[in-house]
Amino acid sequence: MRLSRYFLPLIKELPTDAAIASHRYMLRAGLIRQNAAGIYSWLPLGRRVLGKIEQIVREEQNRAGAVEMLMPTIQSADLWRETGRYEAYGPEMLRITDRHGRHMLYGPTNEDMITDIFRSCVHSYKGLPQMLYHIQWKFRDERRPRFGVMRGREFLMKDAYSFDLTREEARRSYNRQFIAYLNTFARLGLKAVPMRADTGPIGGDLSHEFIILAGTGESEVFCHADLVEMPAPGHVDFDGDLQPLVDARTALYAATDDMYDADEFAKIPQDRRLSARGIEVGHIFYFGDKYSAPMAAAVMDGDGRPVHVKMGSYGIGVSRLVGGIIEASHDDDGIVWPKTVAPFGAGIINLKVGDEQTDKVSRDIYDRLAVAGIDPLYDDTDDRGGVKFSRMDLIGLPYTVTVGPRGLGDGVVEVKTRATGDRQSLPPGAAIRFITGEFA
RNA sequence: CGGAGUGUAGCUCAGUCUGGUAGAGUACUGCGUUCGGGACGCAGGGGUCGGAGGUUCAAAUCCUCUCACUCCGACCA
């Protein structure tokens with residue numbers, strides 16, 4: 001992409017309304033614009049990041065055996081009345097009346113709807129297990145939206161739902177998502193720690209929150225430091241026994257403040273005790289027949305008797321992750337995107353647009369990086385050098401190639417690694433090989 | 001929902017107490033000089049002062065109502 005043709009509205013001043021780093025940088029770097037409290041437009045750069053995160057989540061869901069579908073944002077109140085949640089949910093649910101006076105709502109979640117779909121389509125245990133997911137915009141009318149997309153009212157969620165005949169089989173579905181989450185967050189460049197969670201109003205007795213550690217986290221967390229350093233499982237056989245992998249991740253103590261037990265925490269060796277602030281980016285739980293019973297979602301078992309399916313649901317806050325990643329990865333100059341989610345893989349700064357040689361070399365590097373799938377952003381504007389450098393730092397692309405007459409006089413360009421600040425002078429060909437190698 | 005604030009130029013804000021021709025910086029446009037880490041000079045364009053009503057000869061400023069947004073707290077399948 002050529003910057004001169006891109007839409008990248010940056011803000012130089014510190015936005016006074018934004019209290020935390022991710023919110024400030026998302027506004028300043030032109031990722032989002034607020035339209036109403038807790039409701040944002042995703043500008044081109046932000047849309048790219050959101051899409052990359054979404055795609056990684058999708059790939060890991062597919063790998064774990066989940067099947068993608070899509071449910072609507074607007075739902076009829078009828079299903080919610082069946083489960084009693086229409087009355088129970090409270091003012092966080094945005095209620096809408098259509099032209100015929102029918103009660104509708106902007107979905108805050110989809111358990112009721114997916115259960116309805118399932119019950120009308122699957123009637124035999126032979127149709128189990130089943131794991132469906134969708135990535136969809138949701139709305140919760142938060143009393144006080146804040147922190148930009150971290151606590152917005154409209155937000156993008158991945159929600160998966162599992163259906164099994166027995167609790168034991170449901171546990172296997174739960175484990176599949178558990179492992180998929182570890183791999184997903186690792187690919188996003190995050191250290192996410194699973195923590196035993198309160199199952200809350202939705203009920204059930206098997207639940208974990210996935211928390212990333214960041215100074216501005218919304219809640220305090222306590223855990224064994226080894227958990228943070230444990231590598232993700234990576235490629236595993238999702239049809240095999242995942243229990244040992246899950247056990248390894250749940251044996252050590254980890255809890256959010258509402259589940260905190262000082263005595264348990266004290267049992268951790270002193271130098272391994274970690275108390276920090278965390279951001280919840282995923283939540284998985286098993287809730288059995290909480291919805292299948294009231295909604296009569298049953299299948300015939302092998303003996304011809306109807307059994308309410310055992311369900312679980314598994315959420316990842318996709319839009320929240322954009323803010324979460326920035327909270328975990330930024331410095332005084334701007335965002336530092338992990339390679340896997342960066343809106344562009346590399347930036348190219350042409351310091352003297354209009355100069356035959358810098359134009360040619362810049363263009364050549366651009367073409368070759370593009371062919372290599374790096375998806376470069378070429379700064380071909382006639383802004384001054386300083387403006388270009390600080391702009392690249394702000395938007396946080398992993399690598400920047402600077403092409404200027406001075407360097408080209410010696411046959412070199414400069415490659416800067418955003419995360420470390422390292423700069424190396426290399427011939428153009430070596431610079432391209434270095435960057436493509438980093439993405440291999 | 002309790003508490004505290006803020007709405008004036010695209011953005012950041014001053015002016016409101018004490019009513020009297022709407023300002024600064026930045027951004028933007030033009031010209032010139034600059035050009036390897038957010039340049040400089042000159043000239044210019046841009047605001048029904050969140051909205052409605054009221055008081056007054058006169059309202060950004062005083063009064064009433066209202067809307068929006070922000071921050072702290074509580075809340076947060």
Side-chain angles (χ1 to χ4, degrees), chain A residues 9-20 23-24 27-28 30 33-40 80 83-85 88-93 107-112 114 138-148 150-153 155 157 159 161 197-204 207 209 217-219 256-258 279-280 282-287 290-291 311-317 320 332-334 349-355 358 379 381-395 400-410 412-414 416 421 423 425:
Chain A
L10 304 182
I11 296 172
K12 202 164 166 183
E13 284 102 10
L14 209 61
T16 47
D17 287 348
I20 61 171
H23 191 190
R24 284 199 296 264
L27 292 167
R28 288 195 53 207
R33 261 188 84 81
Q34 179 169 319
N35 295 304
I39 299 177
Y40 296 86
W80 289 71
T83 54
R85 291 217 287 175
Y89 213 92
E92 286 207 341
M93 174 155 30
T109 179
N110 289 70
E111 281 90 0
D112 316 74
I114 192 73
K138 307 198 164 190
F139 193 94
R140 277 180 212 156
D141 200 356
E142 298 277 353
R143 279 182 183 141
R144 182 151 104 77
R146 66 185 111 173
F147 304 148
M150 302 265 288
R151 182 81 185 280
R153 291 195 290 176
F155 52 95
M157 284 283 288
D159 275 289
Y161 303 95
D198 188 354
T199 49
I202 205 161
S207 176
E209 289 177 2
E218 59 204 332
S219 57
T256 54
D257 47 6
D258 51 325
I279 300 167
E280 180 190 345
H283 197 161
I284 63 177
F285 49 103
Y286 170 77
F287 48 76
K290 180 179 170 69
Y291 298 97
M311 296 173 56
S313 86
Y314 315 89
I316 289 180
R320 162 177 277 210
D332 289 345
D333 295 323
I349 290 178
N350 182 346
L351 280 175
K352 194 170 183 183
V353 174
D355 177 271
T358 60
D379 188 341
T381 66
D382 53 10
D383 289 319
R384 303 167 67 83
V387 173
K388 297 188 176 201
F389 291 130
S390 56
R391 176 163 53 209
M392 279 299 177
D393 287 342
L394 176 61
I395 68 175
T400 298
V401 184
T402 300
V403 182
R406 204 167 77 194
L408 287 186
D410 300 326
V412 297
V413 297
E414 183 187 89
K416 176 178 170 181
R423 300 174 196 195
S425 289

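By convention in this document, chain letters (A, B, ...) are assigned in the order of the sequence lines, proteins followed by strands, and residues within each chain are numbered from 1.
Taking the C1' atom of each, B:G44 and B:U61 are spaced 30 Å apart, rounded to whole Å. On the P atoms, B:U26 is 24 Å away from B:A22, given to the nearest whole Å. Look at the C1' atom in both B:C49 and B:C62: the space between them is 16 Å, to the nearest Å. The P atoms of B:A60 and B:A52 are separated by 12 Å, rounded to the nearest whole Å. Taking atom P in both B:C13 and B:G50, the straight-line distance is 15 Å, to the nearest Å. B:U56 sits 29 Å from B:G15 when the P atoms are compared, rounded to a whole Å. Nucleotides B:C42 and B:A58, compared at atom P, are 42 Å apart to the nearest Å. The separation of B:C57 from B:G46, taken at their C1' atoms, amounts to 31 Å, rounded to a whole angstrom.
Regarding A:Phe147, its CZ atom lies at a distance of 12 Å from the C1' atom of B:C76, rounded to whole Å. The CG-P distance, from A:Leu27 to B:G10, rounds to 18 Å in whole Å. When the P atom of B:A24 is taken as reference, atom CD of A:Glu13 falls 16 Å away, rounded to whole Å. At whole-Å resolution of the value, CZ in A:Arg144 and C1' in B:G5 are 12 Å apart. Per the geometry, CD belonging to A:Glu414 stands 13 Å off P belonging to B:G36, to the nearest Å. Rounded to whole Å, the distance from CG on A:Asp258 to C1' on B:A77 is 13 Å. In this structure, CZ of A:Arg153 is placed 19 Å from C1' of B:A77, rounded to the nearest angstrom. Across the protein-nucleic acid pair, A:Leu394 atom CG and B:G38 atom P stand 15 Å apart, rounded to whole Å.
Checking B:G41 for Watson-Crick or G-U wobble geometry (two distances, each under 3.5 Å) identifies B:C31 as its partner. Nucleotide B:G2 is matched to B:C72 when pairs are restricted to Watson-Crick or G-U wobble geometry with both distances under 3.5 angstrom. The partner of B:G47 is absent, by the rule that a Watson-Crick or G-U pair needs both atom distances under 3.5 Å. Across all strands shown, B:U26 is found opposite B:G10 as a Watson-Crick or G-U wobble partner, with both distances under 3.5 Å.
The side chain of A:Ser390 has B:G38 as its nearest neighbour among B:C76, B:G38, B:C11. Here B:U70 is the nucleotide among B:C75, B:G38, B:U70 with the atom lying nearest to any side-chain atom of A:Asp17. The nucleotide whose nearest atom lies closest to any side-chain atom of A:Arg406 is, among B:A77, B:G36, B:U70, B:G36. The side chain of A:Lys12 sits closest to B:U26 out of B:C1, B:G36, B:U26. Comparing B:G38, B:A77, B:G36 against the side chain of A:Thr402 picks out B:G36 as the nearest. The side chain of A:Leu351 sits closest to B:G36 out of B:C76, B:G36, B:C69. Of the candidates B:U70, B:A77, B:G37, the closest approach to any side-chain atom of A:His283 belongs to B:A77.
Two residues are said to be in side-chain contact when any heavy atoms from C-beta on lie closer than 4.5 Å; A:Leu351 and A:Glu414 fail this criterion. Side-chain contact check for A:His23 versus A:Phe147: every heavy-atom pair is 4.5 Å or farther apart. Residues A:Arg85 and A:Thr109 are in side-chain contact: their nearest non-hydrogen atoms beyond the backbone lie under 4.5 Å apart. Contact of the A:Met392 side chain with the A:Thr402 side chain is not registered, since no non-hydrogen atoms from C-beta on lie closer than 4.5 Å. No side-chain heavy atom of A:Ile20 sits less than 4.5 Å from a side-chain heavy atom of A:Arg146.
Residue A:Arg146 places no side-chain atom within donor-acceptor reach of the base of B:U70, judged by atom type and a 3.5 Å distance cut-off alone. Not a single donor-acceptor pair, N or O on each side, falls under 3.5 Å between the base of B:G3 and the side chain of A:Arg143. The base of B:A77 sits within donor-acceptor range of the side chain of A:Arg140, with an N or O pair under 3.5 Å. At a cut-off of 3.5 angstrom, the base of B:G38 holds no donor-acceptor pair with the side chain of A:Asp383.
No contact: A:Arg391 has no heavy atom under 4.0 Å from any strand. Within the 4.0 angstrom heavy-atom criterion, no nucleotide atom of any strand lies near A:Met93. In this structure, A:Ala18 reaches neither bases nor backbone, as no heavy-atom distance under 4.0 Å exists between it and the strands shown. When heavy atoms are screened at a 4.0 angstrom cut-off, A:Lys416 is found touching base atoms of the nucleic acid. Here A:Pro15 lies out of heavy-atom contact (under 4.0 Å) with every strand. In this structure, A:Arg28 reaches the bases: a heavy-atom distance under 4.0 Å links it to at least one base atom across the strands shown.
Applying the side chain to side chain contact (heavy atoms under 4.5 Å, CB included) test between A:Val403 and each of A:Asp379, A:Ile349, A:Asp355, A:Leu408 identifies A:Leu408 as the sole match.
Both A:Asp333 and A:Leu14 lie close to RNA chain B; mapped to their nearest nucleotides by heavy-atom distance, the more 5′-ward contact belongs to A:Leu14. In terms of position on RNA chain B, the residue among A:Glu92 and A:Ala19 whose nearest nucleotide sits closer to the 5' end is A:Ala19.
For A:Arg24 (side chain) and A:Ala19 (main-chain N/O), a donor-acceptor pair under 3.5 Å exists by modelled atom type.
Between A:Arg153 and A:Ala36, the shortest heavy-atom distance links the atoms NH2-CB, 4.4 Å.
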